Amino acid sequence: MGVLLTTKKEEAMSSFLKSLKTGAKYIRRSRFLTMSCVFSMTFSLFLSLAFVTAVVVSHYVLKGLEEKAQITVFFKPSTPENSILSLQKELSAREEVEKVSYVSQEDALKIYLGQHQNDPTLLESVSSNILPASLEIKSKKLTSLEALASDLRKRDGVDEVIFFKDVVDTFGRWALVLRVAGLSLVAVMLLVSMLTVLLAVGVSVKIRADEIEIMRLVGATDSQVTTPFLWQGALYGFISSLVSFIFFAVIIAFSYPALKSVFSSMPHFAELNLSLAAVGVLHFFLGPMLGIFSSFLGVKKYLKL
Amino acid sequence: MIKFDGVSKTYKNGNKALDKVDLNIKGGEFVFVIGPSGAGKTTLFKLLYLEETPDEGQIFFNDDDITVLKRSQLPKLRRNFGVVFQDFRLLPTASVFENTALVLEVLGLPEDEIEDKVMSALKLVGLSGKEYSFPWQLSGGERQRVALARALVGSPAVILADEPTAEVDPALTWNIIEILEKINKAGTTVVVATHDSEIVNSLKKRVVKLDRGRITHDEKRGSYV
């Protein structure tokens, strides 16, 4: 078949910039279509970013709470210290227990004094005798706390057992609801974005039906015809990602002092910041990728490739 | 260079456009295809650049059977043809320059080379100074010359001109024919479908007559019959 059989992949490569320029021209020459598409995508991407951020934050808050989850066992004042230490030793040996710390009456007083140093009235009325000694038990698993607590309540000398399971469970349930509802909403929003780009590209293809036909008749390859539409989608996505990110960043910047005071004491604050930075970077890729993928579907559907 | 071997084409509406056509065109020839409207001239062209496919028979271009080409091979084939379409097929939202440059952009030429070639082609067809006009701002004859400029700008192996002088005045008609002759003398194969008997009779080139899809006349130095 000679020269007819060869396809020119290298031509597609060399026309990279031309395709980009043509894609930008398609966007410029259909301003209202571009505006409606970018507005819709920006809204969807903004909500997606907000919900993904909320899910990430809730994940780290829950993680922090779970790690904080511990049982505090308060002992009656009459309980001898060696009994408490012996219980500490026994508990430390248990598989589900990660760490057991002994807080003597004197230690408790020091903590109390530290916490209320600005309130002389409270300080005057307190001595180490009225503060109970305690064991702070950190469990490896949140689920093992309940059994451990009920076991400790039966021990001699134990006055009270306090644990955070209820708090963690409640937060965990809310975090799960947020995760499921948020990610479902994100999926719906991204689907809406995809359909918007798909329709926009469809309209562009219909508007340019004659142009596409002429291009093909003068020897344009499928990639020469389709690539500008992929760029069109990518540019929609990039602009939407950028605008939605700027909006979100402005909101975060304004509320940062309040957020910092709430979350900076979290055990995984640095890790949270890193994860949020990754979410931001992914957000910049998400828009263009979504645009390209939707355009690809649109081109495939409307150009009948 | 071009060979039709028992080619037939019937459209979906039942119109038999070509009926067992055998035709051989050598490289560098200048051929007039004449015949009444509906004789199959445009279909003959469309089958060459595969805008239409034949129902039976084979079409060869440079010894390759183009009827078996895959979709991905069509661009390569079509780049061998510069086509002046009967209805011009200009992009209404593109300037004269952009319309002419389209072929070269498809070929992937650099921008400065595109500019040089487009300007030369527009000068050749007498459209210098109209580069940035849009098709709707041009007369029928000017649009036809843009179509001609686009057909020849990529220096194709074959020019297929479907009624290239239909909308131009007599002076410009001869101008267009002179351009086609000049291109032909440079080695390009030129096939012109026309109703213009004066041109056909004056040039004494090969004349192929189609009538109801069949070749009824094929003369080396023919005249309008």
Side-chain angles (χ1 to χ4, degrees), chain A residues 1-34 203-229 231-232 299-305, chain B residues 45-46 48-52 59-85 87-94 98-111 113-114 135 146-147 150-154 156-157 160 162:
Chain A
M1 296 298 296
V3 290
L4 292 179
L5 283 173
T6 55
T7 53
K8 279 196 169 179
K9 281 185 183 168
E10 66 274 17
E11 273 174 20
M13 286 298 288
S14 70
S15 61
F16 178 83
L17 281 176
K18 276 179 189 163
S19 302
L20 177 59
K21 275 167 80 175
T22 310
K25 186 178 82 180
Y26 289 173
I27 286 179
R28 274 201 317 276
R29 288 191 176 174
S30 44
R31 288 197 184 110
F32 288 111
L33 190 68
T34 299
V203 170
S204 281
V205 168
K206 293 285 176 199
I207 290 171
R208 293 178 176 82
D210 289 344
E211 186 174 339
I212 290 165
E213 192 194 347
I214 294 165
M215 281 182 74
R216 282 186 166 150
L217 288 176
V218 299
T221 58
D222 278 345
S223 74
Q224 282 175 320
V225 173
T226 57
T227 312
F229 291 107
W231 277 118
Q232 185 183 358
V299 159
K300 217 166 165 48
K301 179 175 166 57
Y302 295 105
L303 283 175
K304 296 181 176 68
L305 294 178
Chain B
F45 284 7
K46 283 183 174 178
L48 254 180
Y49 53 84
L50 289 181
E51 189 179 356
E52 297 288 347
I59 303 168
F60 294 90
F61 178 71
N62 285 342
D63 298 327
D64 294 324
D65 182 359
I66 62 170
T67 58
V68 297
L69 288 183
K70 291 176 190 162
R71 179 196 166 94
S72 60
Q73 294 167 328
L74 291 186
K76 186 79 181 171
L77 168 76
R78 287 173 175 168
R79 290 173 192 186
N80 289 290
F81 298 101
V83 186
V84 182
F85 299 99
D87 52 359
F88 316 144
R89 298 205 191 175
L90 301 178
L91 302 175
T93 55
E98 288 169 327
N99 266 291
T100 313
L102 186 67
V103 176
L104 303 177
E105 283 177 359
V106 161
L107 291 172
L109 297 189
E111 280 188 17
E113 199 177 333
I114 289 177
V146 178
R150 185 182 61 191
L152 56 87
V153 74
L160 301 173
D162 197 356

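The basis for the numbers below is simple: all heavy atoms, side chains too, and nothing from hydrogens, waters or symmetry mates. Protein chains get the first letters and strands the later ones, always in sequence-line order, with residue 1 at the start of each. What you see is a predicted model; the values in this text were computed from it and never measured.
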> How close do B:P75 and A:A220 get, counting heavy atoms only, and between which atoms?
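Minimum heavy-atom contact is CG-O, 3.5 Å.
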
> Are there more than 12 heavy atoms of other residues, nucleotides or ligands under 6.0 Å from atom CG of B:D87?
yes

> Kindly indicate, with the supporting measurements, whether the criterion salt bridge (charged side-chain N to carboxylate O under 4.0 Å, His left out) is fulfilled by A:K21 and B:E105.
CA-CA 12 Å; A:K21 275 167 80 175; B:E105 283 177 359; over 6 Å; no

> Does the side-chain contact (heavy atoms from CB on, under 4.5 Å) test come out yes or no for A:R216 and B:E51, once each step is laid out?
CA-CA 9 Å; A:R216 282 186 166 150; B:E51 189 179 356; over 6 Å; no

> How close do B:R150 and A:I214 get, heavy atom to heavy atom, and via which atoms?
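So the two residues come closest at NH1-CG2, 3.6 Å.
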
> Can you tell me which portion of B:F81 sits under 4.5 Å from chain A's heavy atoms? Options are side chain, backbone, both or neither.
neither

> Just verifying a value: how many Å separate A:E213 CD and B:R89 CZ, rounded to the nearest 0.5 Å?
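Answer for the CD-CZ pair, A:E213 versus B:R89, is 4.5 Å.
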
> To the nearest 0.5 Å, tell me how far B:K46 NZ sits from A:L217 CG.
9.0 Å

> Please state whether the side chain, the backbone, both or neither of B:L90 comes within less than 4.5 Å of a heavy atom of chain A.
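Answer is backbone: N, CA, C or O of B:L90 sit under 4.5 Å from chain A.
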
> State the CZ-OG1 distance between B:R71 and A:T221, to the nearest 0.5 angstrom.
10.5 Å

> How many angstroms lie between atom NZ of A:K25 and atom CD of B:E98, to the nearest 0.5 angstrom?
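Reported value, rounded in 0.5 Å steps: 5.5 Å.
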
> Between A:M215 and B:L91, is any pair of side-chain heavy atoms under 4.5 Å apart?
no

